[in-house]
Peer 1: 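Just passing along the structure, written as structure tokens.
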Amino acid sequence: MRASSSTRMSPWVVTIRNWGYSLLNSARISSVDFAPSTASTGKVSDSDRIRPIRNFLIGASGWRLVDCRLTECKFTGKVVDEKFSTPHGFPVTLRAMENMPAITRFAPSPTGYVHVGNVRTAFFNQLLARCSGGRFILRSEDTDAERSKQEYLDALLADLHWLGLRWDEGPDCGGPSGPYCQSERSGLYEVYYTRLIDSGDAYPCYCSDQELKLSRKRQLASGRPPRYAGTCRHLGDQERADKAAQGRVPVLRFKVTAGDSVTFQDLVRGEQVFARDDIGDFVIRRADGSAAFFFSNAVDDALMQVSHVLRGEDHVANTPRQILLLQALDLSVPRYGHFSLMVGDDGAPLSKRHGASSLRELRLAGYLPGAILNHFLRLGHKADIDDWLDLDQMPEHFNIDALGRAPARYDMDQLRHWQKEAVMRLSIAELEDWLGDSGRALIPPEQTGAFLELVRSNVLFPADLQAWVDVLYGDLPKPGESEQEWLQQAGSEFFRAALAALENPAATLKDLTDAVKTATGAKGKQLFMPLRAALTGRTDGPGLQEMLVLMSADTKRKRLQEALALGQKHSREPLI
RNA sequence: GCUCCCUUCGUCUAGUGGUUAGGACUCCGGCCUCUCACGCCGGCAACAGGGGUUCGAGCCCCCUAGGGAGCGCCA
């Protein structure tokens with residue numbers, strides 16, 4: 001969904017909080033809406049936006065104002081602050097944020113089926129792009145030739161597509177900044193390696209795996225954090241030649257020189273400060289010549305003009321490295337935002353034992369895209385409404401400021417709730433897909449629609465639907481305990497009477513109950529439950545009359561006969 | 001080991017010094033109803049603990065506990 005910011009001018013919402021000692025003053029002004037009066041003239045300047053609000057505030061002289069913020073915008077753009085004082089001398093800050101299109105990306109490694117945590121990342125990035133009228137890019141980070149597989153990339157694209165996500169640029173659809181697989185971009189990286197080497201920001205490192213491990217161990221043992229010791233930093237040409245002559249193949253390391261700390265404004269966590277001493281020199285090109293994550297990820301973001309990098313918390317500490325790298329290369333630095341990771345229902349990191357951890361598994365289990373999306377929209381993110389949202393409505397309810405900093409538990413109860421909602425919104429055609437060939441074969445075509453409408457509120461997954469197909473058109477499973485109880489309680493007279501009423505194939509539920517009532521005197525639950533149990537094999541489900549209409553006379557007769565047989569076998573026949 | 005981050009009902013969360021701490025899911029009760037579900041109405045249920053600061057703390061500061069992340073030729 002694309003919305004240009006000029007046509008999408010919803011009223012600005014101003015929240016005003018008052019401040020004072022008196023309880024009489026403790027009421028809260030909720031919010032005030034301002035329709036931008038100059039919207040029709042096209043471009044609206046910031047001062048035009050702020051003026052009516054300021055006039056209002058000054059007019060509201062009964063209030064002591066501390067802070068007044070414009071919160072209409074969905075994400076942080078250019079921030080315009082205007083400070084002034086009320087007649088009471090309290091300072092007021094107006095903060096207007098100008099909407100800017102965000103170019104976002106999702107950059108997975110195709111080393112397996114896409115994990116639900118990554119799916120949420122992709123989803124949030126798409127929402128951020130859509131809510132600002134920007135672009136969403138999909139980039140495959142397949143630099144690890146060992147683990148990356150084409151089949152996983154195909155599966156990833158298919159699964160995300162199934163979910164309903166759409167990207168404007170990607171490996172399957174191309175785009176202006178291609179190629180979109182890093183394995184095909186190595187040529188592009190050469191110029192940047194060279195630039196870093198020439199500027200002295202990168203150097204070859206000949207340390208072996210063992211040497212590095214040993215060094216790390218030593219540092220750890222002496223209570224210091226494990227960092228690259230800088231062994232190869234100051235190697236002279238001769239030393240390098242010697243190492244090379246020994247057959248050592250160097251990696252390329254980025255040099256993090258001592259200096260001021262690296263600072264950036266995180267979109268969700270606020271200011272982040274990292275001491276340069278805490279960042280060791282890191283590898284940007286492996287011995288086999290392939291690009292390391294820090295490098296290719298950051299360089300590609302810049303080359304693809306990504307404006308906002310929204311990713312999981314696990315990348316926070318990577319960010320200063322990437323910023324340093326981009327600055328050294330004189331490439332543009334995107335805004336970064338790190339939201340909390342998703343954890344299992346026990347608070348531990350998501351893993352196999354928490355059940356479905358890949359999107360593929362959820363899909364196979366029968367979960368619907370809308371259910372997953374509605375759940376994710378509210379996991380670690382506060383949507384401004386609790387009701388169901390269609391995918392195309394979601395961008396306007398996404399807010400980067402509403403992203404959480406605390407880990408969010410992935411809760412199946414909540415997912416099931418959204419699944420229920422999703423099933424209720426399925427079209428008949430979509431429900432029909434759930435039937436499968438075996439189900440379709442059993443149902444008379446003219447009844448399909450009525451059947452699906454009838455049972456949908458009792459269905460969560462395709463298997464449930466299949467069960468109802470069997471109830472109405474197929475064979476019943478062995479009756480459960482509570483069903484048996486009802487059948488035995490009713491006795492044979494009960495079912496003989498029902499069977500007699502079925503002589504008329506068009507007999508309604510009322511016809512049946514009338515006949516049984518007359519014969520046995522049963523009423524209420526004693527009357528209906530045995531009938532339900534006998535005819536459907538279960539004590540729950542849609543309206544019995546509605547089901548009877550769809551069932552064939554044969555089926556009904558057969559089931560009553562079975563109930564009769566069971567009743568005769570088990571019940572104590574009346575002595576008279 | 002070191003650095004950083006997080007902690008409000010069982011769960012997802014609202015909350016930016018004065019709130020009867022709000023909503024959603026789950027659960028329970030009621031209505032509807034032949035049953036279950038749907039729907040509607042209602043209920044249970046939380047500020048991790050301890051110290052400060054303040055007239056007043058869920059919100060600010062410190063400590064403790066618990067959880068998470070990072071410190072790779074993984075991404």
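Quick note on labels: first sequence line is chain A, next is B, and so on, each numbered from 1.
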Peer 1: Just the rounded figure in Å: distance from P of U16(B) to CG of Asp401(A).
Peer 2: 14 Å

Peer 1: Determine, for nucleotides 31-37 of chain B in 5'-to-3' order, which nucleotides have protein heavy atoms under 4.0 Å from the base (write B), from only the sugar-phosphate (write S), or from neither (write -).
Peer 2: ---BBBB

Peer 1: Using the side chain to side chain donor-acceptor pair (under 3.5 Å) rule, take Ser290(A) and Arg286(A) through it: C-alpha gap first, then chi angles, then the decisive distance, then the call.
Peer 2: CA-CA 5 Å; Ser290(A) 63; Arg286(A) 305 186 188 106; 2.7 Å; yes

Peer 1: Provide the Watson-Crick or G-U wobble partner of U16(B), both distances under 3.5 Å; none if there is no partner.
Peer 2: none

Peer 1: Classify the nucleic acid contact of Phe282(A) as base, sugar-phosphate or nothing, counting any heavy atom under 4.0 Å across all strands shown.
Peer 2: nothing

Peer 1: Name every residue in residues 510-521 of chain A that has at least one heavy atom under 4.0 Å from any atom of RNA chain B, in order of residue number, or write none if there are no such residues.
Peer 2: none

Peer 1: Got a sec, which pairs hit side chain to side chain donor-acceptor pair (under 3.5 Å) with one end in residues 114-123 of chain A, sequence neighbours left out?
Peer 2: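 Not a single pair qualifies under side chain to side chain donor-acceptor pair (under 3.5 Å).
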
Peer 1: Just to be sure I understand the rule, does Arg147(A) reach a base, reach only the sugar-phosphate, or reach nothing, if contact means heavy atoms closer than 4.0 Å?
Peer 2: sugar-phosphate

Peer 1: I need the CZ-P distance between Arg378(A) and A14(B), as an integer number of Å.
Peer 2: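 My rounded result for the distance is 13 Å.
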
Peer 1: What nucleic acid atoms does Arg253(A) come within less than 4.0 Å of, heavy atoms only: base, sugar-phosphate, or nothing?
Peer 2: sugar-phosphate

Peer 1: In whole Å, measure the gap between the C1' atoms of G22(B) and C59(B) for me.
Peer 2: 16 Å

Peer 1: Can you figure out which of A75(B), C12(B), C73(B) approaches the side chain of Glu141(A) most closely?
Peer 2: A75(B)

Peer 1: Can you list every pair that meets salt bridge (charged side-chain N to carboxylate O under 4.0 Å, His left out) and has a residue in residues 254-270 of chain A, with sequence neighbours left out?
Peer 2: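 The answer is Arg269(A)-Glu313(A).
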
Peer 1: My understanding is that only residues two or more places apart in sequence, or in another chain, count here; which of them pass salt bridge (Lys or Arg N to Asp or Glu O under 4.0 Å) with Arg456(A)?
Peer 2: Glu453(A)

Peer 1: For Val283(A) and for Glu421(A), find the nucleotide of RNA chain B with the closest heavy atom, then tell me which residue's nucleotide is more 5'.
Peer 2: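 So the residue in question is Glu421(A).
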
Peer 1: Could I get the full list of ring pair (Phe, Tyr, Trp, His ring centres under 6.0 Å) partners for Tyr367(A), not counting sequence neighbours?
Peer 2: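 With sequence neighbours excluded, Tyr367(A) shows a ring pair (Phe, Tyr, Trp, His ring centres under 6.0 Å) to Phe461(A), given in chain and number order.
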
Peer 1: Tell me which pairs pass salt bridge (charged side-chain N to carboxylate O under 4.0 Å, His left out) where either residue lies in residues 535-549 of chain A, with sequence neighbours left out.
Peer 2: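 Non-adjacent pairs meeting salt bridge (charged side-chain N to carboxylate O under 4.0 Å, His left out): Arg538(A)-Asp540(A).
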
Peer 1: What do you reckon, are the aromatic ring centroids of Phe376(A) and Phe123(A) less than 6.0 Å apart?
Peer 2: no

Peer 1: In whole Å, measure the gap between the P atoms of G15(B) and C28(B) for me.
Peer 2: 31 Å

Peer 1: Taking the P atom of each, how far is C6(B) from U13(B), in whole Å?
Peer 2: 15 Å

Peer 1: What residues form a side-chain contact (heavy atoms from CB on, under 4.5 Å) with Arg218(A), not counting sequence neighbours?
Peer 2: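 Once residues adjacent in sequence are excluded, the partners of Arg218(A) under the side-chain contact (heavy atoms from CB on, under 4.5 Å) criterion are Leu214(A).
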
Peer 1: Rounded to the Å, how far apart are Lys217(A) NZ and G1(B) C1'?
Peer 2: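 Rounded to whole Å, this separation is 14 Å.
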
Peer 1: Do the ring planes of His375(A) and Tyr410(A) sit parallel (below 30°), tilted (30 to 60°) or perpendicular (above 60°)?
Peer 2: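 Aromatic pair His375(A)/Tyr410(A) classed tilted.
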
Peer 1: Need the pair for C60(B). Rule: Watson-Crick or G-U wobble, both distances under 3.5 Å, any strand; none if unpaired.
Peer 2: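 When the pairing criteria are applied, G52(B) turns out to be the nucleotide that pairs with C60(B).
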
Peer 1: Within the 4.0 Å heavy-atom criterion, would you say Asn318(A) contacts the bases, only the backbone, or no part of the nucleic acid?
Peer 2: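 Here Asn318(A) touches the bases of the nucleic acid.
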
Peer 1: If we call it a pair only when both distances are under 3.5 Å in a Watson-Crick or G-U wobble match, what pairs with G1(B)?
Peer 2: C71(B)

Peer 1: Could you give the distance separating C60(B) and A45(B) at their P atoms, to the nearest angstrom?
Peer 2: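 Straight-line distance between the two P atoms is 27 Å.
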
Peer 1: What is the distance, rounded to the nearest whole Å, between atom CZ of Arg286(A) and atom C1' of C73(B)?
Peer 2: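 Checked: the CZ to C1' distance equals 7 Å.
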
Peer 1: For G66(B), which nucleotide in any strand shown is its Watson-Crick or wobble partner with both distances under 3.5 Å?
Peer 2: C6(B)

Peer 1: Paired with C36(B): which nucleotide, if any, by Watson-Crick or G-U wobble criteria at under 3.5 Å for both distances?
Peer 2: none

Peer 1: Provide the distance between the two P atoms, one in C5(B) and one in U20(B), to the nearest whole Å.
Peer 2: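 So the two P atoms sit 34 Å from each other.
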
Peer 1: Can Arg253(A) be said to sit on top of Tyr228(A)'s aromatic six-ring, NZ or CZ under 6.0 Å from centre and within 45° of the ring axis?
Peer 2: yes

Peer 1: Under 4.0 angstrom, heavy atoms only, what part of the nucleic acid is Arg218(A) near: base, sugar-phosphate, or nothing?
Peer 2: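 Counting heavy atoms under 4.0 Å across all strands, no contact is made by Arg218(A).
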
Peer 1: With C1' as the reference atom in both, quote the distance from U53(B) to A57(B) in angstrom, rounded to an integer.
Peer 2: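 That atom pair is separated by 10 Å.
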
Peer 1: Using a 4.0 Å heavy-atom cut-off, does Leu341(A) contact any base of the nucleic acid, only the sugar-phosphate backbone, or nothing at all?
Peer 2: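 Sugar-phosphate contact only - Leu341(A) comes under 4.0 Å of backbone atoms but never of a base.
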
Peer 1: Taking the six-membered ring where the residue is Trp, are the ring centres of Phe254(A) and Phe294(A) under 6.0 Å apart?
Peer 2: no

Peer 1: Can you list the residues that meet the salt bridge (Lys or Arg N to Asp or Glu O under 4.0 Å) rule with Asp142(A), with sequence neighbours excluded?
Peer 2: none

Peer 1: Should Arg216(A) be listed as having a side-chain N or O under 4.0 Å from OP1 or OP2 of C73(B)?
Peer 2: yes

Peer 1: For A75(B), does either OP1 or OP2 sit under 4.0 Å from a side-chain N or O belonging to Thr143(A)?
Peer 2: yes

Peer 1: Of Cys207(A) and Arg120(A), whose nearest nucleotide on RNA chain B comes first from the 5' end?
Peer 2: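 It is Arg120(A), whose closest nucleotide lies nearer the 5' terminus.
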
Peer 1: Could you tell me the separation between the NE2 atom of His375(A) and the P atom of U26(B), rounded to a whole number of Å?
Peer 2: 12 Å

Peer 1: Quote, to the nearest angstrom, the C1' distance that separates G58(B) from G1(B).
Peer 2: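 Nearest-Å result for G58(B) against G1(B) at atom C1': 34 Å.
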
Peer 1: For Arg185(A), check salt bridge (Lys or Arg N to Asp or Glu O under 4.0 Å) against everything at least two apart and list the hits.
Peer 2: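 With neighbours one apart ignored, the set is Asp300(A).
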
Peer 1: Tell me, please, which residues at least two apart from Glu141(A) pass salt bridge (Lys or Arg N to Asp or Glu O under 4.0 Å).
Peer 2: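 Result, salt bridge (Lys or Arg N to Asp or Glu O under 4.0 Å) vs Glu141(A): Arg139(A).
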
Peer 1: What pairs of nitrogen or oxygen atoms, one from the protein and one from nucleotides 2-10 of chain B, lie under 3.5 Å apart?
Peer 2:
unit_1: C5(B); atom_1: O2'; unit_2: Arg269(A); atom_2: NH2; d: 2.4

Peer 1: Specify the separation, in whole Å, of atom NE2 of His381(A) and atom P of U11(B).
Peer 2: 21 Å

Peer 1: Nearest to the Lys382(A) side chain among C71(B), A14(B), C74(B), which nucleotide is it?
Peer 2: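 Selected nucleotide (nearest to the side chain): A14(B).
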
Peer 1: Taking any heavy-atom pair under 4.0 Å as a contact, classify His315(A): base, sugar-phosphate, or nothing.
Peer 2: base

Peer 1: Rounded to whole angstrom, note down the P distance from A69(B) over to C63(B).
Peer 2: 23 Å

